[in-house]
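Data first, discussion second: the structure below is written as structure tokens.
Residues: numbered from 1 along the sequence shown.
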Amino acid sequence: MDSLSKKMVYHQIIKSEKDIYYFIAIIKLREKGYKIQSITCNDRRDLLKNELNISTQFCQFHQVAIVIRNRTRNPKSEVEKNLKILTLKISSKSAFYVNLHKWYLEYKTYLKERSD
């Protein structure tokens, strides 16, 4: 998506995320004269930064998905329930990080109380 016009400039339907698809897309966009400022993606950050010298950002959707995947589906404790609520909320990146940090501090306290 063009960050200035907010128009879609390239799309491709793929069965899975593979490095080659990123390279093809970048080549096609550069051939059209686009200057790629950054890419938001799922865990290809090092590849894109090192190989193509493009700024990258880890997709917020995938950040949330990882948190959801690594927690229980039926939380019992209050701290686990709060994490579930946090991951289901739609928020800005900065709000998500702030809330995740607050939750982490709460979780550390919870673990300390359980071990005492």
Side-chain angles (χ1 to χ4, degrees):
M1 177 179 285
D2 183 319
S3 62
L4 301 174
S5 70
K6 305 294 184 207
K7 291 182 180 177
M8 185 64 62
V9 293
Y10 180 85
H11 78 278
Q12 180 179 354
I13 298 171
I14 56 175
K15 291 183 180 183
S16 64
E17 278 190 86
K18 293 185 180 179
D19 297 346
I20 189 69
Y21 298 132
Y22 283 95
F23 286 113
I24 291 169
I26 291 164
I27 289 167
K28 288 183 178 185
L29 288 168
R30 286 181 173 165
E31 285 173 352
K32 291 181 179 181
Y34 285 98
K35 180 181 180 232
I36 300 169
Q37 297 172 322
S38 68
I39 294 177
T40 302
C41 61
N42 174 20
D43 210 22
R44 298 289 192 279
R45 294 165 298 177
D46 290 337
L47 168 82
L48 297 169
K49 182 159 183 47
N50 296 336
E51 296 292 323
L52 302 169
N53 198 27
I54 297 173
S55 296
T56 59
Q57 176 180 321
F58 192 41
C59 172
Q60 184 180 353
F61 171 83
H62 287 99
Q63 291 175 21
V64 172
I66 288 169
V67 172
I68 290 170
R69 185 171 53 240
N70 290 306
R71 67 164 170 75
T72 178
R73 297 244 183 246
N74 299 307
K76 307 242 181 308
S77 73
E78 198 63 33
V79 72
E80 291 169 332
K81 290 175 184 175
N82 289 343
L83 180 59
K84 183 175 183 179
I85 291 167
L86 170 66
T87 57
L88 295 176
K89 278 190 203 174
I90 302 215
S91 61
S92 68
K93 175 185 166 188
S94 58
F96 176 75
Y97 280 132
V98 167
N99 289 327
L100 185 60
H101 181 69
K102 285 179 186 175
W103 174 85
Y104 175 72
L105 295 175
E106 179 186 352
Y107 184 64
K108 276 181 32 177
T109 304
Y110 167 77
L111 289 178
K112 186 174 182 335
E113 289 170 357
R114 283 185 58 190
S115 66
D116 290 344

Do other residues, nucleotides or ligands put more than 12 heavy atoms under 6.0 Å from [X] [atom1]?
| X | atom1 | answer |
| --- | --- | --- |
| Y21 | OH | yes |
| Y107 | OH | no |
| Q37 | CD | no |

Identify whether [X] and [Y] are in the same connected component of the hydrophobic contact network (ILVMFWY, side-chain heavy atoms under 4.5 Å).
| X | Y | result |
| --- | --- | --- |
| L29 | I27 | no |
| Y22 | I24 | yes |
| I36 | I20 | yes |
| I14 | I26 | yes |

